[in-house]
2 protein chains.
Amino acid sequence: MTAVTTSSMLAVDRSDELTLLGLVGQLELVAFTRLAEDSALAPNLDQTLRLARFSAGAVARLERIFARITELGGSPQTEVARFAHVMDDFDARTPSSNWWERLLKAYVGYGVADDFCKAAAAGLDDATSSLVNEVLDGTSHADLVVAELAAAGADDPVLRARLALWGRRLVGEALGVVQCLVQGQPGLARLVSGGAGEPDGPLAQAASAAEDDAAAPAAAHLFGQLTAEHTHRMARLSLSS
Amino acid sequence: MTAVTTSSMLAVDRSDELTLLGLVGQLELVAFTRLAEDSALAPNLDQTLRLARFSAGAVARLERIFARITELGGSPQTEVARFAHVMDDFDARTPSSNWWERLLKAYVGYGVADDFCKAAAAGLDDATSSLVNEVLDGTSHADLVVAELAAAGADDPVLRARLALWGRRLVGEALGVVQCLVQGQPGLARLVSGGAGEPDGPLAQAASAAEDDAAAPAAAHLFGQLTAEHTHRMARLSLSS
């Protein structure tokens, strides 16, 4: 890649990198709000406090993303604002009807979004890509969800069956979010289709021509990856995906 | 006080101190949740982010209170749980109908509760009383509220008049919360009626005999103090109390 670097390509890369950081920042902001709501709704004080800490942790991770955006010469607010409503559709389409469904929704929904960001970060420079991975792995919220759902489902096959079904619905909707992101943000499409070195990679083409056959293998690869991670996540809960 | 210290009095003092720390902890937890909701409802990204930071800050302050409770041999969760619904009635009685009313509600409601805690902390040992004061002064949320309400009201005398009226309603309800606290928690009554050295002070008696004339001067002093602080707070907004 260094051999073909030109100033114009560098500019494209930098702006794609900022776009991804904006998405990660927005996801942390959404996580902060959602975890604070979870904290207020939690069935006992112990979970209230743990979720409050996770929520505050999301703000701390947001600050690290903001610092990196500033370091790269971008405006944190501009980059984050680009994704202001990124999870709104997902939320509206998947109203959870109880505490367990709510926990699973955050675990699956954020899980898919986080995996997408990690895939997009893979092609970036080490500093940004390590930061994105650290930030997205920085919550132990998943451990709480796994422990709570495992305990609740242990003697309740009906609950387990319902949650397995709920998980399948959630992952479908979450993959829909990813599809919108790839189609609506060419910068993200470029990143996931092979890193910053391929500004015209197949998924970038998919952004402007979603039906294009050339985009199919890259898209299939990405969605295959995200689905595999989801299966792994559901297996941790002993739920079939 | 040292001259009359006995092991039984020490036990009473320590438990009153823990009770107050529990209240401060619960207020920080309530502030965390409320500021996170404010953040989600804020009219622009700048305020969303500032409120998210204040919310996370409340969790950091909660941790300091928890550390002190543990240091004193108490259980943070037990002390906080004692005040689980402390602001519920206040919230239910004062539904805010717009963003400005919501901002003012937090400013006035928390303001009164914070002042009450500071008054109760005055009689405690330096370590706890400085901590309580630091924690309660630790948010610059008030600055945001003052700036926003001043800007909104600058050219809008109708809004200013409505907010002044709203402030009067809020302080009445907030003083009601304080009254319930003093009546329901003898430890707090002892603290505000003259510090840990006066376990049978007049406000402590008020806890068991609210109508007792002997309690009246101490209660009047406390409520006078809280009202004066409220007047000062409203003056910062150029609103009449």
Side-chain angles (χ1 to χ4, degrees), chain A residues 22-67 69-70 74-88 91-92 106 135 138-139 141, chain B residues 22-67 69-70 74-88 91-92 106 135 138-139 141:
Chain A
L23 173 60
V24 176
Q26 179 62 39
L27 289 173
E28 290 300 328
L29 190 56
V30 173
F32 153 71
T33 305
R34 175 159 198 93
L35 289 165
E37 285 171 12
D38 286 350
S39 168
L41 293 170
N44 58 55
L45 181 59
D46 181 56
Q47 286 189 44
T48 293
L49 293 170
R50 291 174 66 192
L51 288 160
R53 287 172 181 133
F54 292 143
S55 175
V59 176
R61 295 191 295 276
L62 178 66
E63 303 290 11
R64 295 186 62 191
I65 294 293
F66 275 18
I69 292 175
T70 305
S75 150
Q77 297 212 10
T78 306
E79 297 305 331
V80 163
R82 205 190 292 279
F83 298 101
H85 302 290
V86 67
M87 297 300 274
D88 287 7
D91 268 334
V135 159
T139 172
H141 177 239
Chain B
L23 173 59
V24 177
Q26 179 63 38
L27 289 173
E28 290 301 326
L29 190 56
V30 173
F32 153 72
T33 304
R34 174 158 200 96
L35 290 164
E37 284 171 12
D38 286 351
S39 167
L41 294 170
N44 58 54
L45 181 58
D46 181 54
Q47 285 189 43
T48 293
L49 292 170
R50 292 174 65 194
L51 288 160
R53 287 170 180 134
F54 292 143
S55 175
V59 176
R61 294 191 296 276
L62 179 66
E63 303 289 12
R64 294 186 62 192
I65 294 294
F66 274 18
I69 292 175
T70 305
S75 150
Q77 297 212 9
T78 305
E79 298 305 331
V80 163
R82 206 189 292 278
F83 298 100
H85 302 290
V86 67
M87 297 300 274
D88 287 7
D91 269 335
V135 159
T139 171
H141 176 240

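Sequence lines set the chain letters: A, B, ... in the order given, protein chains first and strands last, and positions in each chain run from 1.
The candidate from A/Val30, A/Asp46, A/Thr48 with the greatest count of non-hydrogen atom pairs under 4.5 Å with chain B is A/Asp46. If you tally non-hydrogen atom pairs under 4.5 Å between each of A/Ala36, A/Ala52, A/Ala40 and chain B, the highest count goes to A/Ala52.
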Task: From CA spacing to verdict: side-chain contact (heavy atoms from CB on, under 4.5 Å), B/Leu49, A/Leu62 - done: CA-CA 10 Å; B/Leu49 292 170; A/Leu62 178 66; 3.8 Å; yes
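When heavy atoms are compared at a cutoff of 4.5 Å, B/Glu37 does not approach chain A at all. Using a 4.5 Å cut-off between heavy atoms, A/Leu45 contacts chain B through both its backbone and its side chain.
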